[in-house]
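Below is one structure, written out as structure tokens; comments come after it.
Index from 1, following the sequence.
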Amino acid sequence: MSEKEKTSGGGPLLNYIINNPEAFAHNMANIVEQFGKAAAAYVEPREKGAVKPTLADELTEVTKTLAKVGDWWTRDPQRYLEAQTRLATGYMDLWSQAMRKAMGEEARPVAEPEPGDKRFTDPEWRENQFYDVLKQAYLISTRWAQGLVDEAHGLDEHTRHKADFYVRQIAAAMSPSNYVLTNPELMRETISSNAENLARGMRMLAEDIKAGGGDLKIRQSDTTKFKVGVNLALTPGKVVHENEVCQIIQYEPTTEKVLKRPLLIVPPWINKYYILDLTPEKSFIKWAVDQGHTVFVISWVNPDERHAGKSFEHYMREGIFEALDVVHKVTRVKEVNAIGYCVGGTLLAVTLAYMAAVGDDRIRSATLFTTQVDFQNAGDLKVFVDEEQIRILEERMKERGFLEGSKMAAAFNSLRENDLIWPYFVNNYMRGKEPFPFDLLFWNSDSTRMPAANHSFYLRNCYLDNTLAKGAMEVAGVKLDLKKVTIPIYNLATKEDHIAPAKSVFHGSSLFGGPVKFVMSGSGHIAGVINHPTRNKYQYWTGGPAEGALEEWTRTATETAGSWWPDWHAWIVEQDPTMVKARRIGGGRLNPIEDAPGRYVRTPA
């Protein structure tokens with residue numbers, strides 16, 4: 001008996017012996033009961049017609065795409081044989097090394113996880129031969145499948161992109177780390193707790209399917225710990241205007257003097273605006289107010305069937321244009337600094353091009369947070385965009401007049417499947433543990449719907465046809481040309497962005513006709529933006545004009561530790577440093593409607 005077996009009181013198999021059969025049986029009965037509730041939560045809304053079956057369309061798309069990969073390989077018997085031989089050789093090599101290890105000889109691993117892969121860190125993935133072989137067989141198989149996509153040279157780029165994405169999703173789902181019987185950590189936890197973890201997990205699964213209205217809405221944070229207006233979105237302010245599309249919030253000043261130019265923020269409507277106003281120690285809005293900005297924010301409506309016909313033009317006119325009118329009424333100042341975040345930045349860019357075409361010069365500087373105006377390098381979201389998929393989506397949106405927020409949230413989460421899906425699946429439903437309360441992930445799950453007309457225009461004109469970059473987009477009968485936008489622009493990308501890739505943001509800088517300051521922050525789409533200076537996290541890069549390749553620009557750029565916020569504020573002050581007396585809310589000309597954050601942001605999806 002080895003020293004390890006002595007200290008553990010026996011062999012390693014003792015880790016997998018049930019110590020309380022009665023408790024185990026009780027928990028198994030509970031699992032069956034909770035599984036019935038989960039099944040009922042899934043089936044009931046489908047029987048009532050509240051949820052339309054869409055899985056068939058999605059599986060058809062996956063099957064058709066992967067069939068094109070298979071067809072390319074099978075059309076040539078020689079390369080088909082080579083592919084099969086490659087897989088068989090990997091398995092035979094694994095078998096050979098496993099036999100050597102079983103006989104006590106030195107054996108080398110045939111396949112090892114990538115550095116940073118957190119799924120296989122438990123020692124038993126290496127020391128227990130069953131789990132070691134299972135892990136390596138999984139890695140051999142998934143890398144072989146990925147290789148089939150990479151080497152299928154006869155595919156068009158869009159099909160290859162989709163195939164690569166689908167193989168990655170399937171590989172993530174099939175990982176042995178996701179399931180009790182194939183994960184040593186989960187198996188030990190199940191045995192030691194007499195399956196109580198699975199009973200808790202099945203209860204949470206039933207709750208999450210019910211919360212998702214028949215679809216699984218994986219909880220990423222403890223939702224009981226946060227409430228908008230109670231411990232999130234706390235910056236003091238008032239709703240001073242509202243219409244069918246949005247509310248306009250003005251925030252109370254905290255300084256005696258403020259910059260003459262007020263600041264209008266255009267957030268994305270795909271999520272809610274309070275990502276910019278989480279807790280006070282993270283809030284960009286509060287920080288901007290404290291720097292002497294008179295801050296106005298658009299809080300978009302969470303649309304329903306009444307908003308089906310609201311288009312980009314409506315969001316421009318009833319959103320940005322009405323907000324500019326409100327700012328002028330309150331401050332008596334026409335010149336405004338504007339910020340747009342993600343799709344809010346795309347709308348802002350569209351609006352700037354329209355304003356340039358019609359001679360409207362109220363916005364005097366623009367800041368774009370992780371914003372795409374050229375969608376040629378738009379990343380994995382383009383997987384979901386082609387004529388057939390958009391047509392199917394438009395047919396679904398016609399039924400209710402909007403796209404459910406859960407659909408967009410699922411698409412965003414799938415871009416980082418091994419960070420935003422499967423770790424929570426394992427933690428919640430296999431371990432039966434509540435996720436950690438995290439304000440950013442609470443916001444991430446607080447999804448919003450998209451009006452049918454707006455979303456269709458966005459997908460077709462931006463992701464599918466890239467009309468804004470080509471100078472072919474039309475809004476309200478006006479053809480838009482970004483080269484006519486000559487105001488100064490601060491264009492922020494984030495290095496690890498999966499939604500608006502830094503390369504895409506970088507190349508979009510060259511489309512504008514005026515001076516563009518390109519800045520790249522560390523981290524991703526959210527953390528790279530929401531980075532308060534007091535936190536001393538990440539870094540940012542500044543340099544010359546956004547020309548050539550991003551990699552070349554980065555090599556010569558200056559790296560600065562910490563938040564980019566002070567750099568942005570200094571840039572804003574450079575545009576116009578004039579200070580005036582702080583403005584009171586409403587300016588004596590608009591009566592406040594309600595306290596910030598307002599009703600619109602509280603409406604659930």
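Residues forming a side chain to side chain donor-acceptor pair (under 3.5 Å) with E281 (at least two apart in sequence, or on another chain): T279. Not counting sequence neighbours, the partners of K272 by the salt bridge (Lys or Arg N to Asp or Glu O under 4.0 Å) test are D446. Take T371 and apply the side chain to side chain donor-acceptor pair (under 3.5 Å) test, not counting sequence neighbours, and it matches no residue. Residues forming a side chain to side chain contact (heavy atoms under 4.5 Å, CB included) with L234 (at least two apart in sequence, or on another chain): P280. With sequence neighbours excluded, no residue forms a side chain to side chain contact (heavy atoms under 4.5 Å, CB included) with A410. Residues satisfying the salt bridge (Lys or Arg N to Asp or Glu O under 4.0 Å) test with K118, not counting sequence neighbours, are none. Every residue meeting the side chain to side chain contact (heavy atoms under 4.5 Å, CB included) condition with D164, not counting sequence neighbours, appears here in chain and number order: Q146, V149, D150, R168. Considering only residues two or more places apart in sequence or on other chains, S141 meets the side chain to side chain donor-acceptor pair (under 3.5 Å) condition with Y91. Annotation: side chain to side chain donor-acceptor pair (under 3.5 Å) contacts of E61 (sequence neighbours excluded): K162. Legend: residues meeting salt bridge (Lys or Arg N to Asp or Glu O under 4.0 Å) with E112, ordered by chain and number and at least two apart, are absent.
With ring centers used as reference points, W269 lies under 6.0 Å from F312.
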- Task: I would like to know whether L492 and S521 meet side-chain contact (heavy atoms from CB on, under 4.5 Å); could you show each step before the answer?
- Result: CA-CA 7 Å; L492 177 78; S521 168; 4.1 Å; yes
Review point. Do R599 and T603 pass the side-chain contact (heavy atoms from CB on, under 4.5 Å) test, and can you show the C-alpha distance, the side-chain angles, and the key distance before you say yes or no?
Key: CA-CA 7 Å; R599 303 186 317 280; T603 305; 5.6 Å; no
* To do: Dump the intermediate steps for salt bridge (Lys or Arg N to Asp or Glu O under 4.0 Å) on R200 and E434, then the final yes or no.
  => CA-CA 9 Å; R200 293 194 306 268; E434 285 280 357; over 6 Å; no
*So V297 and L276, side-chain contact (heavy atoms from CB on, under 4.5 Å) or not? Walk me through it.*
CA-CA 10 Å; V297 174; L276 294 165; 5.8 Å; no
Exercise. Do L393 and Q389 pass the side-chain contact (heavy atoms from CB on, under 4.5 Å) test, and can you show the C-alpha distance, the side-chain angles, and the key distance before you say yes or no?
Worked result: CA-CA 6 Å; L393 185 62; Q389 291 186 87; over 6 Å; no
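Looking only at atom types and distance, the side chain of T367 has a donor-acceptor partner in the side chain of W568 under 3.5 Å away. D277 and S283 share a donor-acceptor pair across their side chains, judged by distance under 3.5 Å alone. In this model, a donor atom of one side chain and an acceptor atom of the other lie less than 3.5 Å apart for H569 and H293. Looking at D208 and Y429, their side chains do bring a donor and an acceptor atom within 3.5 Å of each other. When only modelled atom types and interatomic distance are considered, N302 and T448 share no side-chain donor-acceptor pair under 3.5 Å.
Screening residues 221-244 for ring pair (Phe, Tyr, Trp, His ring centres under 6.0 Å), with sequence neighbours left out, gives F226-F442.
The aromatic rings of Y138 and F120 sit tilted relative to each other, their planes meeting at an angle between 30° and 60°. Aromatic ring orientation, W443 versus Y274: perpendicular (interplanar angle above 60°, classes split at 30° and 60°). In this pair, F375 and Y458 present their aromatic rings perpendicular. The plane angle is above 60°, beyond the 30 to 60° band.
The two residues N271 and N444 have their closest heavy-atom pair at ND2-O, 4.1 Å. Pairing each heavy atom of S504 with each of Q372, the nearest pair is OG-OE1, 2.7 Å. Between S414 and F165, the shortest heavy-atom contact is OG-CZ, 3.4 Å. Between S563 and Y540, the closest heavy-atom pair is O-CE2, 3.2 Å. The two residues I585 and G237 have their closest heavy-atom pair at CD1-CA, 4.0 Å. Smallest separation of non-hydrogen atoms from P597 and R602: CD-NH2, 3.4 Å.
By the neighbour-count criterion of 12 heavy atoms within 6.0 Å, atom CD of E244 is sparsely surrounded, having that number or fewer from other residues, nucleotides or ligands. Around CZ of R46, the count of heavy atoms belonging to other residues, nucleotides or ligands within 6.0 Å exceeds 12. Atom NE2 of H314 sits in a crowded spot, with more than 12 heavy atoms from other residues, nucleotides or ligands closer than 6.0 Å. The neighbour count for L181 CG, taken as heavy atoms of other residues, nucleotides or ligands under 6.0 Å away, does not exceed 12. Counted within 6.0 Å of CZ on F438, heavy atoms from surrounding residues, nucleotides or ligands total more than 12; the atom is thus considered enclosed.
Between R416 and E496 there is no salt bridge, since no side-chain nitrogen of the basic residue lies less than 4.0 Å from a carboxylate oxygen of the acidic one. A salt bridge between D497 and K503 is absent, with no side-chain N of the basic residue lying under 4.0 Å from a carboxylate O of the acidic one. Using a 4.0 Å cut-off between a side-chain N of Lys or Arg and a carboxylate O of Asp or Glu, R431 and E185 qualify as a salt bridge. One finds no salt bridge joining E394 and K398 here, because no Lys/Arg side-chain nitrogen approaches an Asp/Glu carboxylate oxygen to under 4.0 Å.
A donor-acceptor contact shorter than 3.5 Å links the side chain of N231 to the backbone of K225. Remark: the backbone N or O of E196 is not paired with any side-chain donor or acceptor of N194 at under 3.5 angstrom.
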Listing, residues 29-41 side-chain donor-acceptor contacts under 3.5 Å, not counting sequence neighbours, or none:
none

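A distance of 11.5 Å separates OG in S447 from NZ in K407, rounded to the nearest 0.5 Å.
The only option from F369, Y538, W287 that meets the ring pair (Phe, Tyr, Trp, His ring centres under 6.0 Å) definition with W565 turns out to be W287. None of I593, D595, I249, I248 except one satisfies the side chain to side chain contact (heavy atoms under 4.5 Å, CB included) rule with K238; the exception is D595. Of the residues listed (I270, D380, L420), the one engaging F412 in a side chain to side chain contact (heavy atoms under 4.5 Å, CB included) is I270, and it is the only one.
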